[in-house]
Structures are given as C-alpha cells and as structure tokens.
Amino acid sequence: MSQVTEYSEKVMDHFSNPRNMGELENPSGVGTVGNAKCGDIMRMYLDIDDQQVVREAKFKTFGCGAAVATSSMATELVKGKSVNEALDVTNKAVMEALDGLPPVKVHCSLLAEQAIHAALWDYAEKNDLKIEGLKPPVNDIDETEEFYEMGGE
Amino acid sequence: MSQVTEYSEKVMDHFSNPRNMGELENPSGVGTVGNAKCGDIMRMYLDIDDQQVVREAKFKTFGCGAAVATSSMATELVKGKSVNEALDVTNKAVMEALDGLPPVKVHCSLLAEQAIHAALWDYAEKNDLKIEGLKPPVNDIDETEEFYEMGGE
Amino acid sequence: MSKKIYADNAATTRVYPEVLDAMKTYFDEEYWNPSSTYESAGKAAKKVAEARNVIANAINARDKEIFFTGGGSESDNWAIKGVADALREKGNHIITTKIEHHAVLHTCEFLEKHGFEVTYLPVDEDGLVDLEELESAIRPTTILISVMFANNEIGTIEPIAEIGKIAKEHGVTFHTDAVQAFGHEPIDVEAMNIDLLSASAHKLNGPKGVGLLYIRRGTKISNLIHGGGQENGRRAGTTNTAGIIGFAKATEIAVENMEKNNQYEARLRDKLIERILEEVPYVRLNGHRERRLANNANFCFRFIEGESLLIMLDLKGICASSGSACTSGSLDPSHVLLAIGLPHEIAHGSIRFSISTDTKEEDIDYIVDELKGIVERLRSMSPLYEDFVKEVG
Amino acid sequence: MSKKIYADNAATTRVYPEVLDAMKTYFDEEYWNPSSTYESAGKAAKKVAEARNVIANAINARDKEIFFTGGGSESDNWAIKGVADALREKGNHIITTKIEHHAVLHTCEFLEKHGFEVTYLPVDEDGLVDLEELESAIRPTTILISVMFANNEIGTIEPIAEIGKIAKEHGVTFHTDAVQAFGHEPIDVEAMNIDLLSASAHKLNGPKGVGLLYIRRGTKISNLIHGGGQENGRRAGTTNTAGIIGFAKATEIAVENMEKNNQYEARLRDKLIERILEEVPYVRLNGHRERRLANNANFCFRFIEGESLLIMLDLKGICASSGSACTSGSLDPSHVLLAIGLPHEIAHGSIRFSISTDTKEEDIDYIVDELKGIVERLRSMSPLYEDFVKEVG
Ligand SMILES: Cc1ncc(COP(=O)(O)O)c(C=O)c1O
Ligand SMILES: Cc1ncc(COP(=O)(O)O)c(C=O)c1O
C-alpha cells in the first residue's frame with residue numbers, strides 16, 4: 001500500500017503548507033526530540049507570555065510527511081492555550097485533528113507530543129517553574145556520526 | 001508440451017488411417033505383447049506362405065496414438081518380406097518409417113518389434129521351425145484383474 | 001476443422017472479455033508498482049485493495065486474510081510447507097488423501113523426505129473421504145489436515161464442513177485445495193472452519209499465473225517466498241496488479257452467476273452422463289453421481305486407451321482430457337482413478353469432459369454422437385475387446 | 001497536475017504495446033493449457049517453446065535451462081533454498097553480500113534458522129564486492145555463492161564474470177540475482193560461469209508476475225513449487241502462457257535495442273548526475289560512478305528525509321523512490337546505503353531516479369529545477385540544517 005494515498009487530505013495539507021514553520025528569535029522554551037538515526041527530529045519553539053499562555057509556536061522538522069504534518073498541527077493546537085492546556089495536547093489529539101494517520105506513522109504523533117513537552121520543560125527550567133505532570137524529556141538524539149570527518153562527502 | 005503436436009504427420013496418418021487393422025481367420029502365426037496395466041497391448045497376425053514370405057499382416061492394438069501407429073507401420077513393413085527379413089524390422093526401422101516418435105513414446109516402437117517377433121515365434125512353433133536369432137516372447141500380459149467379478153461396472 | 005467444442009474447463013478456462021478489459025489498463029497505463037509512494041501508484045494500490053475485498057467476500061473471509069500468489073500450486077505448497085515449518089516443534093504428522101492434486105501430493109512426499117509422516121487417506125469408489133477414518137487418523141502429532149474441496153479429475157465434492165468441524169475439535173489446522181471449487185461452489189471459510197484455502201484465477205475465467213492463499217487470522221504458517229514486504233509481509237514479489245484485478249473481476253462474475261451457471265451446466269452434464277451411460281456399452285461414470293462439480297463428467301470406456309480416444313475426439317474438434325498415463329509419459333494411469341478402485345486397464349480408458357456456460361446443448365449431442373462412433377472404432381481395433389467378445393460368446 | 005515524469009523504472013516498468021499485443025490472444029482466444037493433448041493446445045505450447053528459445057538466446061543459455069516462475073522473488077527463493085536442500089549433505093555454508101535484494105537476504109535468514117551458515121560480504125563505498133574477500137570466505141562446506149548482477153538501489157554492477165570464475169575454480173554453485181540487469185546489461189551465462197540466474201519480466205517492460213530461473217544443466221537443485229509436470233517437472237503450476245509470451249517479446253525488444261537504449265539512458269543519467277552534483281550543495285552520489293546501470297542515479301541529500309522529498313517531487317509530477325525507512329514503516333534506512341558506509345542520518349535522505357527511454361532530456365532539466373527548490377525548502381524546515389548552518393557559521 002502506498003503511503004501517500006494513506007495520508008488524509010488534512011495530513012497532505014499540513015505537509016504541503018505547514019503552519020508555523022520556522023524559528024523564534026528568543027523563545028520562552030525550545031525542545032528537540034527524536035533521533036536522526038530513526039529519521040525523525042522535531043524541534044519546537046514556544047513563546048509563552050506572563051499569563052502562561054502560548055502566544056506563538058514554531059517548528060522545524062527533519063522527517064517524513066507525517067512528521068511534518070504532526071509538527072505543524074501540534075503548533076496549531078498549542079497556540080493560544082495555557083501551559084496546562086498545552087500539556088493535554090496528546091498524540092491522540094494531534095492524530096484526530098489530522099483525520100488519522102497510517103498505522104506505521106503513529107510514532108510521528110508521539111514525537112509531536114514529546115516535542116511540546118520538551119519545549120515546555122525548557123520553559124519551566126528557564127523560569128524555575130514546576131509544571132504539574134510534566135516529565136523531563138528523553139533526549140535520544142544521536143551523536144552526530146563521524147562520517148564526514150572520516151572523508152564522507 | 002502437448003503430445004499430439006509432437007507426433008509427426010506420418011504418425012498421425014497411421015493413427016487416423018491405420019493400415020492392416022483387423023484379424024486374420026487362420027493366421028500362420030499370431031502374437032500378443034504388452035501389458036494392459038501399462039496401457040499397451042499389441043496383437044499381430046501373420047499369414048506366411050510356403051516360401052516363408054509374409055503375404056498378409058494384420059494387427060489389433062489397445063494403446064495410445066503411437067501404439068496404434070507403430071502397429072500399423074510394423075504390419076506395412078513386414079508385408080512381402082521373408083521371415084528372416086521380417087526379423088530385421090526393428091523398433092528403429094519402425095520409428096524411422098514414421099519420421100520419429102516423441103521420447104516418451106519410444107517404448108511403443110519396441111512393442112511393435114516384439115509383436116512381430118511373437119507372431120513369428122508362434123509361426124515357428126506351429127511349423128516346428130527354428131528361426132535363427134528369434135527368442136521366445138516374454139508374455140507379460142497381466143492377469144485380467146478381478147474388478148468386474150468384484151462388482152465393478 | 002470447423003467444429004470446435006472446448007470441454008476441458010477443468011484444465012483452464014477462457015479469460016472473459018470483461019476480465020481482460022478490467023486488466024488491460026494495469027499493463028500499460030496504470031503500470032505502477034502499488035507499493036510505491038507516489039500518488040499514481042496509490043490508484044493501483046487502491047484497485048488491488050478493492051480486488052482483495054471482492055475476493056474475501058466471495059468466501060466470507062476478511063480482506064487481511066487473503067494473500068495473492070502465483071497460482072494454485074504455489075498456494076498448495078505454501079499452505080503445506082508453511083504449516084510444516086511453523087509447527088515443526090509441535091508435530092510431524094500430516095493427513096491428506098490419495099486423490100489430491102499433485103501440488104499437494106508431491107509437496108507431502110517432499111516433506112516425507114524431511115522427517116514428516118503423512119497419512120494418505122483412501123477414498124470410496126465415488127471418491128469420498130470417510131470422516132471416521134479421517135478422525136481416527138488424527139494423532140497427537142498431527143499438525144495439518146489437507147483435503148481438497150472438489151476433485152479435479154472426477155469432480156467429487158468432499159464433505160468440507162464436516163472435515164472442518166473435526167479438525168477444529170482436534171485443534172488441527174485445516175487446509176483445503178479449492179482450486180476447482182472457488183467460484184464454482186459456495187464456500188464459507190467461517191461456517192466450514194477452513195483455516196487455509198488455495199484457489200487459482202484461471203479456473204474461473206481469470207488469467208493464468210495468479211492465485212491466492214486464504215490464511216485464517218492467527219494461523220501459524222511460515223512464508224514460502226521470502227523477500228519484500230508485499231502481501232503484508234507474507235508473500236514477497238512485486239504485486240501482479242493486472243492479474244489480481246482480473247482475478248477479482250472473474251470472481252465477481254463467477255459469484256454473481258454461480259447458481260444460474262451451475263444449474264445450466266449441471267443440466268448439460270446430466271444429459272451428457274445419461275446419454276453416454278445409455279448409449280455406450282461397457283462404460284463407467286467416475287465420481288459421485290450427485291456430489292460432484294456441475295461442469296464435470298468423467299468416464300471409463302472399457303477396452304480402450306484414453307489417449308487414442310482423446311486424439312480421435314480432437315480430430316472431431318472436441319477438446320477433452322484423459323487420466324491416461326500415456327499423456328504423461330508414465331506407465332501408471334491417474335492416481336485418482338486407481339484410488340477409487342479401478343484396475344489399471346480400466347483406468348487407462350478414462351476421459352474427462354469439463355464443460356462451461358459456453359457449452360451448448362447441441363454440443364452435448366455432438367459429443368455423444370461422435371463419441372459413440374469413436375468408441376466403436378477403437379474397440380474394433382482392441383485386442384482386449386476381441387478377447388472379451390470371444391469369451392462372452 | 002499536468003506534468004508527469006516516471007523515474008521509477010527500477011521498481012517496475014510500463015508494458016510496451018507490442019508486448020501487450022503479443023500477450024492478448026493468449027488470454028481469450030488461445031487460452032489453452034499448453035500441457036493438454038489436443039491440437040489447439042499445441043499452438044500455445046509451441047509459442048511457449050519459442051518464447052523459451054528467445055529468452056535462452058538472450059543470455060546464451062540452452063532452452064532446457066530456462067524455467068519460468070512467478071517472478072524474481074520466487075526465482076531467488078528457489079535458487080537459494082533449492083541448492084541448500086539439494087546440497088545439504090555436502091555443506092551448510094552460503095556466501096552472499098550485504099546489499100542483496102530482500103528476496104535473497106530474507107531467504108538466507110530463513111535458512112540460518114534451519115542450520116545454515118551465511119556469510120554476508122561487505123562492499124566498498126561504491127557498493128562493489130571485494131573478490132579476494134569473497135574467495136577467502138569460501139570454506140569446504142560452502143555450497144552456494146549468491147551475488148547480485150546489479151544492485152537495485154544504487155545501480156552498481158558487480159564483477160560477475162570474475163566471481164563466476166572463482167566459484168567455478170572452487171566447485172561452488174554460483175547464483176546471481178539479475179533482476180535489474182536482465183535485458184539491460186549483456187549477460188552470457190557461459191562466459192560468466194553462472195550456474196543459476198534470476199530475472200523478472202516487469203523490469204524490462206514485460207508483465208508483472210512472471211520471471212525465470214536459469215539452471216545450468218547438471219546443477220543440483222531441489223524444486224520449490226512441487227506438483228504437476230510443467231517446466232520439465234521442475235516448477236509446477238499451469239503455464240502462464242500470456243505472461244511468458246509477453247516476457248519473451250519484452251526480452252526480444254530489450255536485447256535488440258540494448259546498446260542504443262543504454263547509450264541514450266546513460267547520457268541522460270550523466271546529465272542528471274552532473275547537474276545535481278553541481279547545482280545542489282551537500283549531496284552525495286551513491287553507487288559506482290562508471291560501473292552502474294545506465295538508468296540509475298541515486299543521491300543522498302543531507303539534512304533531508306527521503307519520504308518528504310519523495311512526496312514533494314510527487315506533487316510536482318515526478319515519480320521516484322527512496323531508500324528511506326519511512327516508506328517501509330521500519331526505523332532503519334536502506335540496508336544497501338548502510339552497507340556502503342553511510343550513517344543512518346544521511347541514508348534517510350536518499351532518493352533514486354531510475355529513468356527509461358521514455359525519459360526526455362527536458363524531463364531531466366525539469367527534475368533538477370524542481371529538485372533544487374524542494375531541497376532548499378526542506379532544508380529550511382530541517383533542524384539538522386539549522387544546527388549545521390549555526391555550527392559552520
Ligand atoms: C534485484 C532484485 N531482485 C529481486 C527482485 C524481486 O522481483 P519480483 O518483484 O519480480 O519478485 C527485485 C525487484 O523487485 C529486484 O530489484
Ligand atoms: C485441484 C487442483 N489443485 C491445484 C491445481 C494447480 O493450480 P495451478 O495450475 O494454478 O498452479 C489445479 C489445477 O491445475 C487443480 O485442479
């Protein structure tokens with residue numbers, strides 16, 4: 001079965017026209033999750049105001065169509081939410097908002113959830129806050145391999 | 001590979017229009033060879049005159065297309081020949097006269113050779129002759145199986 | 001030769017124009033590999049998914065239980081070797097019958113060389129398996145029962161639902177070679193407790209070179225063709241889109257018309273059987289009189305060898321088939337005819353007519369009329385008949 | 001979407017109209033089973049015999065050494081399991097490479113579970129097998145060497161004649177998976193000392209679901225698909241007449257035009273390679289620069305994941321393929337790219353263009369022009385690129 005046709009229209013839309021793609025100059029929090037070895041890295045930037053409301057969210061993603069689409073949707077979903085509400089943007093919520101994902105792509109939505117959490121953790125650390133229910137991110141991004149130093153092109 | 005298309009035109013001709021098919025009323029010699037179990041039985045009737053020349057030859061055959069054709073050809077080949085010449089009508093001679101046989105059918109030509117020999121043996125026995133080079137036929141015709149007696153249709 | 005009657009539909013069938021039409025695009029226009037990522041390929045993938053659904057519905061299976069193969073023989077090999085490999089630790093005993101297709105028998109013989117034990121069940125004179133015999137053949141080490149749905153030579157339909165029940169009660173995996181039955185007889189893998197089922201498209205007016213193995217969810221079976229992830233990782237090889245789509249179209253047509261077709265064919269078949277039994281002496285109908293495929297009629301003509309009969313029929317434009325050894329180059333006649341108790345000599349004189357909805361009533365008359373002359377002629381040539389007449393007086 | 005460029009001919013190819021024409025009759029008019037006795041069937045049998053001859057000639061084999069199968073995967077499975085089974089008594093060691101198609105690799109892994117030992121030879125950064133390494137891997141128990149003719153992902157052509165020579169000197173059976181090479185590269189089984197060779201029709205503008213195994217006379221190999229006596233008793237299953245006839249037609253066309261086609265394709269391929277290497281930064285050409293299939297160009301674009309690239313190309317009407325894991329649902333990228341020494345991260349960003357004589361020069365320009373924009377866009381989205389730019393400054 002081909003992947004593309006298994007993507008919903010919403011997924012294809014968020015892949016082709018990703019919302020909030022880019023960086024934030026001085027983010028309140030930034031989190032990077034995933035693993036280049038596995039082919040997915042998501043980085044999320046959050047701008048959070050004094051009322052603990054997410055005013056801006058941006059992302060950069062190295063990954064497949066679903067990874068890009070879930071990142072895009074995740075930024076959309078957290079925008080305007082309080083930090084506590086943002087914590088409830090689960091992978092399920094992202095998937096539902098995208099009208100579903102093919103089974104082999106479910107891990108991308110998990111990554112999106114983790115990216116939000118990682119950015120919030122960073123925000124909490126920077127501001128010396130304790131956010132109820134937030135766990136420290138598992139940073140499993142691989143060491144950059146030494147291919148290029150070893151003469152790889 | 002289909003059998004029919006592997007038959008030469010000569011084989012098909014001798015199968016469709018067999019020469020000398022039938023019985024002789026008072027044959028000088030008659031021989032039956034083959035085995036119903038294996039699906040081939042040939043019976044050859046010879047009419048041999050005082051000069052030991054084969055005046056008439058007839059056959060009956062239960063068997064495949066090649067069996068019928070080799071029987072037909074064998075009768076043609078022995079007609080008009082002396083008994084000693086008839087002995088030289090080998091399976092090779094029959095096959096060549098038929099422009100060859102498919103490999104799985106070569107045994108039919110051997111049967112034709114044996115049928116000639118069996119009929120000649122019968123002739124020799126009846127007339128108390130000894131024909132140089134002629135061996136007694138191996139009669140391997142199966143005992144009629146008892147299927148019908150056992151209630152088979 | 002003007003007349004042409006094809007009565008060998010058990011060997012293979014004509015591809016219907018609708019089937020060829022359905023396939024065509026998938027050769028040249030929509031030739032994509034359905035496993036590819038781009039959108040066009042998705043169309044092909046969707047079509048294959050639809051095909052799988054049509055075929056699953058035909059036997060009351062789920063889509064995910066249908067695995068496309070390269071034909072009935074591959075499916076049989078896969079079913080038997082696959083279970084043998086997967087359940088090797090559990091046991092080494094397989095039960096099958098003496099009248100299976102060679103794709104089953106020779107696979108079992110191969111396994112016998114590799115430490116498996118195989119029981120080849122006998123059948124009665126109609127070709128039916130005895131259920132008690134089957135049940136009592138089951139051992140603690142039995143891992144597979146493989147009994148064909150319908151026999152390809154004599155047309156007898158086996159009591160599949162009953163066998164399925166027995167297999168289930170004993171917890172033994174049940175495979176049926178339904179190559180002759182799929183699209184011809186109603187099949188319900190749930191009701192019949194079938195775990196594995198083989199079918200082949202070209203027996204129901206689909207293309208050659210594509211078949212399927214139904215695998216009930218949860219059935220333990222190893223792969224036969226390892227490689228790419230096609231067919232849910234169970235059967236490698238670039239998806240034969242055109243073949244599969246043709247298979248589905250053929251299935252659709254077959255299922256839709258099954259009742260009507262079977263009625264039509266059975267009427268002609270019965271006419272053929274009745275006329276031959278009445279008008280030709282020393283003939284035997286092989287296979288069960290009622291529990292048989294609608295398109296199959298198989299006879300033994302005493303004192304006559306099958307290949308000769310076949311060629312003579314061919315010369316009259318009639319295509320049939322024979323269980324005679326002479327067509328195969330071996331000396332033994334059909335193992336099926338021997339298994340129903342025929343002596344070699346009789347078995348050599350067998351002929352199978354397998355008709356279709358293309359067959360006309362007048363074709364049946366033509367067959368019988370020509371057959372009578374041919375049988376008479378061949379008997380006049382037969383030394384066996386000569387002896388018989390002399391004996392009888 | 002108006003533009004449509006198919007650059008995935010290594011996955012599958014368009015069936016040529018001449019090929020489809022040659023096949024057609026064998027579906028509906030000449031649908032006979034070529035194993036049957038009647039005359040019509042003989043016509044089909046004759047056509048199949050001619051097809052076998054055409055194909056045998058293409059690789060300097062004898063007709064009797066060609067055995068038709070259901071595809072390349074079946075051929076690979078047959079070759080490897082068949083030799084393993086036949087030579088089990090002689091030894092249990094098989095030599096292959098890390099870059100074989102899964103049809104070879106997964107078959108070898110299956111055999112490892114059954115007591116066989118397999119050496120997976122490494123390859124150099126261009127994908128080439130080292131001959132000395134191969135020779136020194138041979139043990140007294142080695143029964144088979146299986147090295148692909150040309151790699152399906154990176155296009156590298158292996159030194160087959162040299163490997164054949166080594167295998168022969170050591171008395172080891174030599175199989176080559178020539179699925180990508182048959183009809184594309186000159187093959188001479190005699191000169192190259194090939195004992196077994198797999199090919200698949202759909203890689204050379206023939207139909208899907210038909211392939212072949214060349215078996216040198218005298219080679220010891222068990223059957224994989226047991227059953228009827230087709231293919232000289234070596235591969236059961238009703239003969240796929242249409243498929244085989246299509247395969248032969250495709251072979252005929254391919255062989256006749258091989259030189260011309262390869263020149264044409266190589267010129268476009270080189271243009272594609274040169275423009276991309278020049279105009280896109282941080283890109284790597286995978287596979288050997290010269291010893292590669294004329295239609296294959298494979299690249300890794302750093303900081304980018306393959307599936308995204310693929311979809312973006314698809315949105316621009318370009319069909320290509322990726323060794324990215326994301327298309328397969330596994331986490332590891334292509335085993336071939338890992339075997340040539342690429343780190344996972346780079347291997348994930350691979351794309352394969354496999355062109356054909358249908359490809360136009362302007363298509364190449366279109367591909368490169370679009371690709372540049374897409375790569376730039378995806379890099380602008382990539383956190384890896386962000387980090388890289390920050391690091392480099
Ligand atoms: C090198 C190689 N081997 C084997 C195969 C399998 O061939 P098929 O898909 O016809 O089974 C392919 C293509 O899929 C291939 O490229
Ligand atoms: C009962 C039965 N099983 C298996 C087969 C094999 O199917 P195929 O020729 O498609 O491989 C056939 C027909 O040839 C058959 O009639």
Side-chain angles (χ1 to χ4, degrees), chain A residues 1-7 11-13 15-18 20-23 30-45 58-69 71-72 101-108 115 141-153, chain D residues 11 125 277 281-286 299-316 319 321-334 338 340-350 377-392:
Chain A
M1 192 68 68
S2 76
Q3 301 299 341
V4 171
T5 45
E6 284 191 44
Y7 283 153
V11 171
M12 283 304 290
D13 177 35
F15 171 73
S16 313
N17 311 295
N20 313 310
M21 199 275 288
E23 306 166 41
V30 56
T32 307
V33 295
N35 185 318
K37 206 173 163 183
C38 297
D40 300 294
I41 294 182
M42 277 185 205
R43 177 168 299 164
M44 188 166 290
Y45 300 84
K58 293 268 188 191
F59 80 91
K60 285 210 171 174
T61 288
F62 162 85
C64 64
V68 171
S71 316
S72 165
L101 284 177
V104 300
K105 299 296 189 183
V106 171
H107 71 278
C108 294
I141 302 172
D142 243 25
E143 301 306 306
T144 309
E145 296 182 55
E146 319 204 338
F147 176 68
Y148 288 98
E149 284 91 78
M150 286 167 63
E153 292 165 53
Chain D
E125 57 173 24
L277 292 185
Y282 314 121
V283 63
R284 180 188 200 274
L285 173 71
N286 298 315
F299 305 94
C300 280
F301 295 95
R302 249 184 110 179
F303 318 118
I304 288 181
E305 191 277 336
E307 192 204 284
S308 289
L309 190 47
L310 219 50
I311 304 178
M312 292 241 174
L313 286 168
D314 186 28
L315 292 171
K316 297 291 182 187
C319 299
S321 140
S322 162
S324 162
C326 252
T327 52
S328 65
S330 101
L331 291 177
D332 278 333
S334 148
L338 297 180
I340 60 174
L342 300 189
H344 279 68
E345 171 196 331
I346 314 290
H348 275 296
S350 83
R377 186 180 148 87
L378 285 172
R379 283 187 178 151
S380 79
M381 290 170 64
S382 168
L384 294 174
Y385 189 64
E386 184 185 318
D387 294 349
F388 174 77
V389 171
K390 277 178 190 154
E391 248 170 62
V392 178

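Throughout, protein chains are lettered first and strands after them, A, B, ... in sequence-line order, and every chain is numbered starting at 1.
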Does the side chain of [Y] come within less than 4.5 Å of [X]'s, by heavy atoms?
{"X": "A:T32", "Y": "D:E386", "result": "no"}
{"X": "A:I41", "Y": "D:E345", "result": "no"}
{"X": "D:R377", "Y": "A:P18", "result": "yes"}

Exercise for review: Check each atom of A:S16 against the heavy atoms of chain D and say whether the ones under 4.5 Å are side chain, backbone, both or neither.
Suggested key: both

Exercise for review: Can you see which heavy atom on D:S308 is nearest to which on A:C64, and at what distance?
Suggested key: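 Closest heavy-atom pair between D:S308 and A:C64: OG-C, 3.4 Å.
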
Practice item. Determine the option with the most heavy-atom pairs under 4.5 angstrom with chain D, choosing from A:M42, A:E23, A:K60. Key: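 Ranked by heavy-atom pairs under 4.5 Å with chain D, first place is A:K60.
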
Review point. D:H348 side chain to A:G39 main-chain N or O, any donor-acceptor pair under 3.5 Å?
Key: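 Checking the backbone N and O of A:G39 against the side chain of D:H348, a donor-acceptor pair under 3.5 Å is found.
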
Rounded distance [0.5 Å steps], [atom1] in [X] versus [atom2] in [Y]:
{"X": "A:T61", "Y": "D:L378", "atom1": "OG1", "atom2": "CG", "value": "11.0 Å"}
{"X": "D:D387", "Y": "A:F62", "atom1": "CG", "atom2": "CZ", "value": "12.0 Å"}
{"X": "A:D40", "Y": "D:E307", "atom1": "CG", "atom2": "CD", "value": "9.5 Å"}
{"X": "A:M12", "Y": "D:I311", "atom1": "CE", "atom2": "CD1", "value": "5.5 Å"}

Point to revise | Interface moiety of D:F303 toward chain A, non-hydrogen atoms closer than 4.5 Å | key: backbone

